Each structure stands twice: as structure tokens, then as C-alpha cells.
Amino acid sequence: MKKEVNEKIPTPKELEKEIGEFLSKRFGDNVKFMSPVVMTHRETTDEQEAPPKKKQTIEFDLKPEDLVAYLDHYIIKQDQAKSVLATKICTHFNRVKRFQTGEDSEALDMVGQIKNNVLMIGPTGVGKTYMVKLIAKRIGVPFVKGDATKFSETGYVGGDVEDLVRDLVREADGDIDAAQYGIIYIDEIDKIASGKNLIGADVSRTGVQRALLKPMEETDVDMKVPHDPISMMQEIEKFRKTGKRDKNSVNTKHVLFIMSGAFQELPEIISKRMNTQHIGFGGSIGKTTEKNDWLKYAKSEDLIDYGFESEFVGRLPVRAVFEKLTEQDLFKILKNPSNPIVLGKKLDFGAYGIDIKFDDALLKQLANTAFKENTGARGLVSAVENALLPFEKRLPSLNIRRFPATEAFVSDPERTLSLLAEDPGSDQWMTAFDQLLQSERDHIASYLNDNWDQWMDQYHLSLTPVRAKVIADYYSRRVVDIGTAIGVVKTFHEKIKEIELKFFKTHEINIVLEEETVDYLMGELADGSTTIEGIYRKLTDNFKDGLKLILEKTGKNRFFISKGALLSPEEYLNNLIRDELRQIT
């Protein structure tokens, strides 16, 4: 006989209450239960239905040589690595652009397309991360960076790998379409190579490699994190409000993966292989003095021997090898007008209202100290910090506004600071700063003259000696990189030329500011002597009435304003009126 069930079956409301109480006890206020809402089907009309969103195409028109020229402004040496990255990245995004515009529509369904993921190999501190960040900034695509060491901590389930893809969407302000054409950069990738001395598989590391395989090729990554009740609740609430399901996955077909590592033990693997092989006509490669010289001979089999699975290596077909930096290279980095180390130190002192200038002797000494640390450009940071920390600590209390960082002053900080405490306005101190200021201006002007062809391609501004001086003055008065200084002066040029149109619209008088005049006005804007509004008021006050009189008497309505006219407007107008009236009498 069937047993009768006496327990009352709970209603949906009671179930909702019990589940809500359980979640509240378990998770507190972080998780709330929301009852599902049944959405009735609505007949949509043309007026109610939103127009389909137009798919945006990627804006990209760079050529490899353009990107190499851009990198040359910021990165010393590494010519081969620049060429490889610039070429393959430009090719990748130009292919994406053609796919989007339908120019290569026949190839869209081609099976076995290979993505140009890049592996960067080189010692620490040679500019690998810096180069990738510069490229991402220049081309303007979503960019995220992760460290492979983070993945090894979480095991081999691959959750963190997919988080990088989700981070691309956040970097793209929630635009999934834009995120699907971004760059994911993973540093210290050599740390997920399986250990050579382990018995059996190194599961945590090989697991991370396998977790990367699908995203590196093509897969759909769900924006909702699995087993996350909060994201699930958010999705239910969004559907309840809108009745729509938005696209919630990111396809990685066009996401470019760039990975880098120092691979310290790789040279030994390469040299061992090559010393047991014969190349050419039975010859062999001789011994090299630097073990990093072997890196340029790296092959897939060497990376596999290092501890990477063959499927993982196969998804990194492009390899860029970075060179070790010499002491002279480190000095050139410090002398580069856009290097973040010196600019960062200028910002540090600028936080206290102190303007700092460096002399070459000190920079050479710092380069020598950094080279001995054998950590590449990273050693420059510690060398600069150690040398200047006593001054950064003491000078703000001495009410010093100018700091000439010379080898003589910095080499003996106690004596220098003692003398400054006695005489903060020392003539020796001020004279040294003025000399370094002029030296910096001369260096920037010389740099511009030597490299202007590359900058002109980017800013489309012709260079004159006066403009080189204006840019150098602007750079020396503020903490900016050279590209920013050029961009600001270019804006000055555009704003000054706009004054001509404004003058015509307001006064119906056509003035043309000669290039010498424009250069002079750019200089005044750069040193803060005037503003665009001030220039327009001055032109109006000095020239409007006189030019209007000539227009009424002669009908002439095109006047060229020279620098001399700007400096002596009354003389210019008197001569102009005399000459014009003489022609009509």
C-alpha cells in the first residue's frame, strides 16, 4: 500500500523566502535572490524596434616602417625586435581591417588561418614590456597585461587566462566588438615552462600552457564568470528590465597574444644543440663571449626542450630576440628626451616645485653604475634613485627652486647640502643650473634637426630653426616628453592660423600672418608671455582701424602681417597707407 505524504508542498513564495534566508546567512548582503519574471511576448512595431547597431571597423592605416620610426623615438637599440613586432602587428591589424570591410571576404571562411602571436625573448631590462605598451598606445586598441606567474599560482583550470580576455572588455569600456581586436600581453612566460628535474608531468605549469591554447587560437570566452552567483543575478536582473539578452562572449580569433620572458637557461640549450650539429659545409659555430648571443639561433625544439609543449610553441610562430644593453646604450637611454626615467625624476622634484637639470657627466656615471648591476635599463632606476635620494629629501626644506644635478654636486651630497643650507641662493648653484638649462635646450634643438623627418610624418609640421628653439624652450620649461612638446607647438600653429579666419569673419578684413610671424607668436605662447585670446585682441587693437581705412580708400583686402609689423604696427600702417595712396594718385 502506498504511503500517504502528509508534508505540505511549499508554495513558490515560501520557497523564495527560504532560499533568500539561506543566501543571506551564507553570503550576507552580497547575494540576494530575485524571483524570475515571466516576460510576455510583445508584438513589436517598426517604431518600437531599435535599429541594428552598425558594426564599427577598426581604424588602422599604419605601415611597418611608420611604427618602427615611432618606436625609434623612445627605444634605444633593439632594431631587429622593432622590425619584427612592427611588421607583424601592422600586418595583423591591416588584415583585420580588410576582413571587416569585406575586401578579403573570400578568405573569411578559410580553414587553418594562422594568427601572428609573438614571443619576445631577451634578458631583463631591455625594453620588452615598454615596447609593447608603446605599440598599444600608438595603434589605440584595447590592451591588457598579465604575468604568467599569477597563472601558476591558481593551478591549471585556466580561469585567470580567461580573466585577461574579460579585462579586454573592461579596457574597451564594455564594447565587446572592440575588445575582440585587442592585444593581450603576458610577461614572464618562461616561468610556466615545466620543470626539467621533476619526475612526471608538472601539472600546474603545463596546465596553464594548455589553458592558453584555445584563446591563443580561437575560442569564445563567456563574460559571466562560472559559479559566480553575483554575475548570474546581474544577468537575470538585466533581462528582467530589458527583456533582451546581450552578447555575452568574446571571440579571440583576432585577439593578438604577445608573450615575453628572459629564458635564462635557453642559451645553454641552444649552444648544446648547435655544438653537436654541423652547419654549412661541415663547419660549426664557434664559441661566443656572450651567452645571450645564442638566443638569435633559437628554434622550436629548443623551446620544447626548455619545458614548453609543442602545441603551445606552435601558437607562437613569430619570435623577436632582444639584445643585451651596453653601458653606452644605457647612457643613450638617459639622454633620450622621452625616456621615462629622467622624466619621472623631474616629476618627483617637480612635486616640490623644484626644477632639476642633469649634466652628461652625471648621466654617464649613472649608466656605469647601472651597467654593473647587470639588470639592463631597470638598473638605471635604482642608480638614479640612490644618487638623488639625499637631495630629494633635503632640498624641499631649503626652499630651493632649481637643482643642477652635476657630477660634482651629486658625488658629495653632504658637502653640497651643507653649502646650500648656508647660502641657498649661491651664485655657483644658479650659474650651474643656467648652463644645464641652455645645454638641454641645445640638445633638444639638435635632436629635432637630426630626427625631424620621422616626427614630421607624425605631426605634419615643417621645421625651422625658430620652431626647433620654440619646441626646445617648451620642453625645458615643463616636464613632458618630446612628442608632447611637438604636439603642443603644432596646436599653437593651428590656433594662430585660425585667428586669420576669425579676424575676417569679425571685421571682414583678410589678414595673412607670415610664417616668421607665426613662429614668433608660437614662441610667446610657449613661454607663457601671451594667449591666443591675447594675440587676437592685440591684432584687433593695432590693425583693425588702419586696415579698414585702406580697404575703404583703395578696395584692397589682403594684408600680409610680418614680424616687423607685429612689433611696430604704427610704422607698418603709416608706410602701408602712404604706399597705397601713392598708387591711386
Side-chain angles (χ1 to χ4, degrees), residues 68 75-88 114-129 131-132 148 186-202 205-206 208-210 212-213 216 257-330 371 373-378:
V68 170
I75 295 178
I76 301 299
K77 213 171 184 176
Q78 313 305 351
D79 293 338
Q80 190 266 353
K82 290 176 191 172
S83 296
V84 171
L85 261 76
T87 301
K88 301 314 297 183
I114 299 175
K115 190 162 48 171
N116 292 323
N117 297 322
V118 181
L119 175 63
M120 302 190 300
I121 303 173
T124 184
V126 294
K128 298 188 293 292
T129 301
M131 187 180 295
V132 176
I186 302 178
D187 196 10
E188 298 189 340
I189 198 67
D190 51 324
K191 301 297 190 296
I192 65 168
S194 62
K196 303 180 185 62
N197 299 321
L198 292 179
I199 299 175
D202 188 352
R205 296 183 178 185
T206 57
V208 175
Q209 294 180 37
R210 290 168 187 162
L212 279 163
L213 294 181
M216 289 168 66
F257 281 78
I258 301 176
M259 304 188 184
S260 69
F263 293 88
Q264 293 182 359
E265 298 174 15
L266 188 59
E268 285 80 1
I269 294 174
I270 300 170
S271 63
K272 182 178 179 180
R273 169 179 60 81
M274 298 191 70
N275 284 329
T276 59
Q277 293 177 353
H278 294 287
I279 63 171
F281 296 97
S284 62
I285 291 187
K287 294 181 179 179
T288 56
T289 55
E290 287 286 343
K291 72 173 189 176
N292 285 303
D293 291 344
W294 290 106
L295 291 175
K296 60 186 176 182
Y297 301 111
K299 291 185 176 182
S300 296
E301 61 185 280
D302 301 318
L303 294 169
I304 294 170
D305 193 23
Y306 192 86
F308 288 101
E309 297 201 347
S310 57
E311 294 89 347
F312 184 81
V313 173
R315 283 167 172 77
L316 292 166
V318 180
R319 286 160 208 158
V321 177
F322 283 67
E323 304 170 67
K324 186 176 180 180
L325 298 174
T326 66
E327 183 176 336
Q328 182 64 18
D329 294 329
L330 296 178
F371 182 72
E373 290 190 13
N374 199 32
T375 55
R378 284 194 176 94

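Values in this document were obtained by computation on a predicted structure and should not be read as measured data. Residue numbers count from 1 along this sequence.
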When you measure from the side chain of Gln209 to the backbone N and O of Glu309, does any donor-acceptor pair fall under 3.5 Å? yes

Partner set under side chain to side chain donor-acceptor pair (under 3.5 Å) for Glu373, not counting sequence neighbours: Ser382

First locate atom CG of Asp187, then atom OG1 of Thr124, and finally report the distance between them rounded to the nearest 0.5 Å. 8.5 Å

The reported gap from NZ in Lys88 to OG in Ser83 (rounded to nearest 0.5 angstrom) is 12.5 Å

Would you say Lys299 and Arg273 make side-chain contact, with heavy atoms under 4.5 Å? yes

Given side chains that start at C-beta, do those of Phe263 and Leu303 come closer than 4.5 Å, heavy atoms only? yes

So, do Thr129 and Glu188 sit near enough that their side-chain heavy atoms are less than 4.5 Å apart? no

Residues Leu325 and Ala377: closest non-hydrogen pair is CD1-N, 4.0 Å

So, for Ile75 and Gly127, which heavy atoms are closest and what is the spacing to 0.1 Å? CD1-O, 4.4 Å

Rounded at 0.5 Å granularity, tell me how far CD1 in Ile121 sits from CG in Asp302. 9.0 Å

Mind listing the closest non-hydrogen atom pair of Leu295 and Gly122 along with its distance? CD1-CA, 4.3 Å

Before giving the answer on side-chain contact (heavy atoms from CB on, under 4.5 Å), spell out for Leu316 and Ile189 the whole-Å C-alpha distance, their side-chain angles and the decisive distance to 0.1 Å. CA-CA 12 Å; Leu316 292 166; Ile189 198 67; 5.7 Å; no

Any Lys115 side-chain heavy atom under 4.5 Å of Met216 side chain: no

Which value, rounded to the nearest 0.5 Å, describes the distance between Leu330 atom CG and Arg378 atom CZ? 13.0 Å

Measure the shortest side-chain to side-chain distance between Leu85 and Val318 over non-hydrogen atoms and say whether it is less than 4.5 angstrom. no

Just by distance, do the side chain of Asp305 and the backbone of Ile269 share a donor-acceptor pair under 3.5 Å? no

With a 4.5 Å cut-off on side-chain heavy atoms, are Val132 and Lys128 touching? no

How many angstroms lie between CG in Asp190 and CD in Gln264, if you round to the nearest 0.5 Å? 7.5 Å

Which atoms form the tightest heavy-atom contact between Val321 and Ala81, and what is the distance? O-CB, 3.9 Å

For residues Phe308 and Ile192, determine if any side-chain heavy atom of one lies less than 4.5 Å from a side-chain heavy atom of the other. yes

Kindly say whether Arg315 contributes a backbone atom to a donor-acceptor pair with the side chain of Asn117 at under 3.5 angstrom? yes

For the backbone of Glu323 and the side chain of Gln78, can you confirm whether one donor and one acceptor N or O come within less than 3.5 Å of each other? yes

Under 3.5 Å donor-acceptor, Asp329 side chain and Thr326 backbone: yes

Looking at Asn374, is its backbone amide N or carbonyl O close enough to the side chain of Lys324 to form a donor-acceptor pair, meaning the two atoms are under 3.5 Å apart? no

Just how far is it from atom CZ of Arg210 to atom CG of Leu212, taken to the nearest 0.5 Å? 12.5 Å

